[in-house]
Amino acid sequence: MSVTERDAELVYAITHRGSPPEPPEWWRGAVFYEVYTHSFNDTMGNGYGDIRGVTEKLPYIRDLGVDGLWLTPFYPSPQHDNGYDVSDFKGVHDPFGKVEDVQELIDEAHAKGLKIMFDFIAGHTSDQHPWFRESAASRDNDKADWYVWADPALDGGAPNNWISSFGGRAWRWVPQRAQYCYRPFLESQPALNLRNQQVLAEVLGNMRFWLDMGLDGYRLDAIQCLSHDSELRSNPPARASENPSVGGGPNNPFKHQIHLFDRDVPEAIPIIRQLRRVANEYDPPRVLIGELADVDSSRLAPKYTVDNDRLHAVYDFDLINRAETLRDWTDMLRLRSRYLVPGSSLNVLTNHDSPRSVSNLMPRACKAGHRREAAKLLLFLQATLMGGAILFQGEELGLEQPHIPYEELQDPWAKALWPDFEGRDGVRCPIPWRHDAPNCGFTTSEEPWLKVPERYAEHALDLQEDDPESVLQFTRRLLRWRRTVPMLRTAAEHTFEDTPMRVIAFEREKAGESLISVSNFGMKPVEVTLPRSSLKPQFYDGEIALDEDRLSLGPLAFAAMT
Ligand code: NOJ
């Protein structure tokens, strides 16, 4: 596929984005709670969260007011990349429990009115997977073509200049085959060759395994990596600043290329269509939500969801990674309003791959002692922006990003790029359930896989339960209110021009209904002119006053008005 064809795909997607069909399906604009399995709740006493631990906390998750939950990988794995290096898709990693526990979790979630999704990693496996062992053994075995193999370049070096997202060459030399193997992430995560129909058929079979148990759908890992250029052409160079959507610190070498041939290639679309066909085999159809990373996602996302034969929705990292100034953010929101398909995108302010939102996006407010207000403001924004939302565990407690010393690092990405990049362990620290229990009630083990940061005791859930002004109580009020405004799930969005510095304001509109959302990110009071008078605040926090079409907002105050 040529570069021009790639652009044609994009133009096609944007011109075909259309309006969502009516009535909206449950997943459109839904709010999901992301459970990071390792760090949620340990009922087995081994220092890791587990499946039963999630089942035990389902009432808590339901009472937050979310539509469903997504669980990060719990499959057997050597855990080089915390479970995203899967060695068997049809099992459960011992410390997390058993397949029967998973069935119980699905059934219990449904009994509580929650939808439940798991992670599905279609693009790569662990190098401990039996498929890879066989494929790597020789050039002429039955699975010889199941991964992406290439001969060395004429000088003996790697076949092209591709770089792993985690830094370093994306090619690993495998002596048994005297060939290079492509691996877009860790050396131990070889990419599957999904163009091979036999491989794809096996992957689809793996998908059905959990769907057959009643699972409502999958969060699809790294959809930008489902395929790659068939001629293995080298990427052109880029200035690091041209790649703001890429994580891994300011100097990650991955940022120094335009990822034309190794990420987000058009050949992924036919693969995605096959995945969708499997989701459609079920009644009701199962749902596929894609993670789109490493690329300029706001522009590229629509092509993954148009035509009703691709993914149902996608989420990306643009809100997380482009936070240099609020002006940049407002520009980006404007861009997103134009490009994204209403109801088919999800707003994510943090997840298990990024720092905690309040520390990352609002460091000044945190330093000034307003962490709690800043956390509420971000949650409000997430709940009123166009699209659905994924709330990462602990965001409902307003947790801040802890610093993890080098000796305690677990994340291989951090180890590769330290000290440039602190990595993902901070956001992955366990949930503080009780302020006065060992490990804040996360585990009875003396050796949790990651320590509960000391400061987390003061944000513990039990303390927030008793405090009506807590972020937890606020989150419950917010999501309860959101449910009373169904248009928020699918309405289009129009970002206001000419708002004061440090203000984000937009209008959501659908079928004659409208809602205006205004937030003051600054520490000083502001006044905003609204497009009309006669508006009434429906949900707000902080100091606000409305006089005709003038809205005054105190520091970090916000309001939704109709
Ligand atoms: C995306 C996952 O969210 C991340 O945690 C993982 O490291 C990469 N995919 C590679 O699987």
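First listed ligand is number 1; within each ligand, the first listed atom is number 1. Only this structure's heavy atoms are used, side chains among them; waters, hydrogens and symmetry mates stay out. For this chain, numbers begin at 1 and follow the sequence in order.
Protein residues having at least one heavy atom under 4.0 Å from any atom of ligand 1 are D81, Y84, H124, F166, F185, Q189, R219, D221, E291, H352, D353, R424, R428, listed by chain and number.
The residues R219 and D221 are annotated as salt-bridged, a charged nitrogen and a carboxylate oxygen being separated by less than 4.0 angstrom. Using a 4.0 Å cut-off between charged side-chain N and carboxylate O, R277 and D309 make no salt bridge.
Applying the side chain to side chain contact (heavy atoms under 4.5 Å, CB included) criterion to Y282, with sequence neighbours excluded, gives R208, L211, D212, V278, R286. Residues meeting the salt bridge (Lys or Arg N to Asp or Glu O under 4.0 Å) test with D101, sequence neighbours left out: R52. The side-chain hydrogen bond (donor to acceptor under 3.5 Å, both in side chains) check on D94 picks up nothing, with sequence neighbours excluded.
Cation-pi check for K57 over W433 is met; the charged atom lies under 6.0 angstrom from the ring centroid and within 45 degrees of its normal.
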